[in-house]
Structure formats: C-alpha cells, structure tokens
Amino acid sequence: MNTTDSVVVLDFETTGLSPRQGDRAIEIGAVRVVEGRVVARFQRLMNPGFRISPFIESYTGIDNAMLRDAPPCAEVMHEFAGFIEGHRLVAHNAAFDRRFLEAELDAIGLAPHAEAFACSMRIARRLYPQAPNHKLATLVDYRGLARQGAFHRALADAEMTAQLWLGMLAEVAQRAGRSLVPFGLMQRLEGTPKRAVDALLADWADPA
DNA sequence: TGCCAGGCCCTCTTTAGGGCCTT
C-alpha cells in the first residue's frame, strides 16, 4: 500500500532524554520511503563530546570506544540535514526525535526542519488500541513485521518504524476503502480523539 | 536550595493525577 507522499522515517540514539539537560545525539538512522519502498538509507554514529553512561552503553549497544573515533555531531548533522531536506518526517514518539533534531540543527546554526513530522506511536494508539502496549518492539511483533536488526540501534529502529508506517497506511486504506492514503490524512488521524477515529475514517471513505 | 524531560491521553477529570513512550 502506498501513499502519494515520500517520507523519511528516522530514529535518534542519544545520551539521555532531554537536550535541555545537555543530552546529545550519538547515532542517527533514517530511511527514505517512496511509493511504499525504502529507496535510501542513512546511518551515522556521532561523537557527543563526552563519555556516555553505562546505562546508555547497555541500552543501545553503542559504547564509548565506538564513539571515540566517530565524527562530531556537527559534521553528521550537516550531512543529515541534506538527507531530510524537503521531506516529511516520521518517527516513533516523534516529540522525542523532534526535540533532538531541532537541538542538533540549532547547534550548527540551521533552522528547524520545515516539513511536517508525524508520530507513528500516536497513530498506532488510535489504530491498534487493543495492542498490549505501543512500544515499537511490541507493535512490530503485534503486526507480524520482520525484525530488521537489534532494537535500540538507530537504523534498525528506523527500518522497523518504516514497516509499521507502511502497515498503518495499509490499515487506513483498508478501513476507508481507498487505495492511496495521503500523509495529511495520517496527520489528521494522529490529532483525532480516539473515540472519533471511526467517524474520521468513515467520513473519508470512498462513497462508491 | 532543591530539583531535574516533555507532552499526550485517560479518568475515579476539568480547582488533577498518573501512566505511557522515547534515550
């Protein structure tokens, strides 16, 4: 199932939860999806300029030795800005990745990304309220999607989020009886109260 | 000094609290 729009699905691994508290990105992974297919990939480790905690080493599998010779965040983010330029974005719990994207772009003097940013977690909560929970790993298993590598590495998580995104496009298309699902409809779904989701899809359904 | 994320979302709500997600 396709959308008429291309998107970049991305995932950051970071030193913690909050750029305002001094946390930095340590890895970015992203896939560009066009017409239902992954057509490009981006993955870079980046050196945050300080040692990461044992917790983050354990959580991500990225250790200080791996980051010691990695290029600095500024170099990687300049390159990544080119990868996402002009593309709408998707991430799982997008508010988290948006904060780090904006912080890292701001740190190198670039403006915030201008295109829309959709959240696969918020949409999944509306489409799959019966799922055990809405963590990425749980949803991958719940939807029977193929695992693409180790969870909590950026490219693997981006790949699996992309598969979840495509699966949700198919779900929306099936429920609405449409063949193409615009990005804008997914954004509307994301912002629709759960109890109004069925009505939204019914309104959007092809009357024929 | 003391504290330390942010924001959505549900409900035993709205003069609030707590769980969920991301690292």
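Computation of the quantities below employed the complete heavy-atom set of this structure, encompassing side-chain atoms and omitting hydrogens, waters and symmetry-equivalent molecules. Note that the structure is predicted; figures quoted are calculated from it, not measured. Sequence lines set the chain letters: A, B, ... in the order given, protein chains first and strands last, and positions in each chain run from 1.
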### Task
State the CG-CG distance between A:D97 and A:D157, to the nearest 0.5 angstrom.
9.5 Å
### Task
Round to a whole Å and report the spacing from CZ of A:F55 to P of B:dT23.
10 Å
### Query
If we take the C1' atom in both B:dT13 and B:dG19, what is their distance in whole Å?
15 Å
### Query
Under 4.5 Å between any side-chain heavy atoms of A:E102 and A:H113, yes or no?
no
### Query
Thinking salt bridges, do A:E104 and A:R24 make one under a 4.0 Å N-O criterion?
yes
### Query
In residues 57-72 of chain A, which residues come under 4.0 Å of DNA chain B by heavy atom?
A:Y59, A:T60
N/O donor-acceptor pairs under 3.5 Å from side chains in residues 83-91 of chain A, not counting sequence neighbours:
| unit_1 | atom_1 | unit_2 | atom_2 | d |
| --- | --- | --- | --- | --- |
| A:H87 | ND1 | A:E85 | O | 3.1 |
| A:R88 | NH1 | A:D5 | OD1 | 2.9 |

Using the 3.5 Å cut-off, write out each protein N or O paired with an N or O of nucleotides 2-4 of chain B and the distance between them.
| unit_1 | atom_1 | unit_2 | atom_2 | d |
| --- | --- | --- | --- | --- |
| B:dC4 | O2 | A:Q21 | OE1 | 3.3 |

### Message
Both conditions, 6.0 Å and 45 degrees, for the charged tip of A:R44 above the ring of A:F42: are they met here?
### Response
yes
## Note on the structure
Residue pair A:A95/A:K194 against DNA chain B: nearer the 5' end by closest nucleotide is A:A95
#### Entry: A:V140 and A:Q163, any side-chain heavy atoms less than 4.5 Å apart
no
### Query
Pick the nucleotide of DNA chain B nearest each of A:G16 and A:P193; which residue has the one closer to the 5' end?
A:P193
### Task
Rounded off to whole Å, could you give me the CG-to-P distance for the A:L101 and B:dT23 pair?
15 Å
### Message
Using the C1' atom as the point on both nucleotides, what is the distance between B:dG7 and B:dT23, in whole Å?
### Response
16 Å
### Task
Pick base, sugar-phosphate or nothing for A:D97, based on heavy-atom distances below 4.0 Å to the nucleic acid.
nothing
### Task
Could you tell me whether A:F12 contacts a base, only the sugar-phosphate backbone, or nothing, with contacts defined as non-hydrogen atoms closer than 4.0 Å?
sugar-phosphate
#### Entry: B:dA16 to B:dG2 separation - P atoms, rounded to the nearest Å
27 Å
### Query
What parts of residues 144-163 of chain A reach DNA chain B, counting only heavy atoms under 4.0 Å away?
A:H152, A:D157
#### Entry: Shortest non-hydrogen contact from A:C119 toward A:A94
SG-N, 3.4 Å
### Nearest-angstrom distance from the residue atom CD1 of A:I56 to P of B:dT22
13 Å
### Task
Indicate whether the side chain of A:H92 and that of A:S120 have a donor and an acceptor atom separated by less than 3.5 Å.
yes
### Query
Expressed in whole Å, how much space separates the C1' atoms belonging to B:dC9 and B:dT14?
14 Å
### Task
Scan A:I26 against the nucleic acid and name what it touches under 4.0 Å (heavy atoms): base, sugar-phosphate only, or nothing.
nothing
### Between P of B:dA5 and CG of A:L17, the distance in whole Å
8 Å
### Message
Contact between A:R32 and A:R41 at the side-chain level, heavy atoms closer than 4.5 Å - yes or no?
### Response
no
### Query
Taking NZ from A:K135 and C1' from B:dT22, how many angstroms apart are they, rounded to a whole number?
11 Å
### Query
Taking atom P of B:dC21 as reference, at what distance in whole Å does atom CG of A:N93 sit?
9 Å
### Message
For A:A154 versus A:I28, what's the shortest heavy-atom pair and its separation?
### Response
CB-C, 3.6 Å
### Task
Side-chain contact test, heavy atoms from C-beta onward, threshold under 4.5 Å: evaluate it for A:M186 versus A:V181 and give yes or no.
yes
### Query
Do the ring planes of A:F12 and A:F100 sit parallel (below 30°), tilted (30 to 60°) or perpendicular (above 60°)?
tilted
### Task
Write down the distance between NE2 (A:H92) and P (B:dC8), rounded to a whole number of angstrom.
16 Å
### Message
For a 4.5 angstrom cut-off between non-hydrogen side-chain atoms, does A:E27 reach A:L67?
### Response
no
### Query
If you group Ile, Leu, Val, Met, Phe, Trp and Tyr by side-chain heavy-atom gaps below 4.5 Å, do A:L45 and A:F55 land in one group?
yes
#### Entry: Distance, rounded to the nearest Å, where A:E102 contributes CD and B:dG7 contributes P
11 Å
### Message
At a heavy-atom distance below 4.0 Å, what parts of residues 121-133 of chain A sit against DNA chain B?
### Response
A:M121, A:R122, A:R125, A:R126, A:N133
### Message
I want to check something: taking the side chain as every heavy atom from C-beta on, are A:F183 and A:L169 in contact at a cut-off of under 4.5 Å?
### Response
no
### Message
For the C1' atoms, the ones on B:dC12 and on B:dG17, what distance do you get once it is rounded to whole angstrom?
### Response
11 Å
### Query
Which of these passes side-chain contact (heavy atoms from CB on, under 4.5 Å) with A:V31: A:V39, A:V9, A:D11?
A:V9
### Task
Mind running a 4.0 Å heavy-atom check of residues 103-112 of chain A against DNA chain B and sending the residues that fall below it, in number order?
none
### Task
Evaluate the side-chain proximity of A:M66 to A:D63: yes if any heavy-atom separation is below 4.5 Å, no if none is.
yes
### Task
Please state whether the phosphate of B:dC20, meaning OP1 or OP2, lies under 4.0 angstrom from any side-chain nitrogen or oxygen of A:H134.
no
### Smallest separation among heavy atoms of A:A124 and A:L139, with atom names
CB-CD1, 3.6 Å
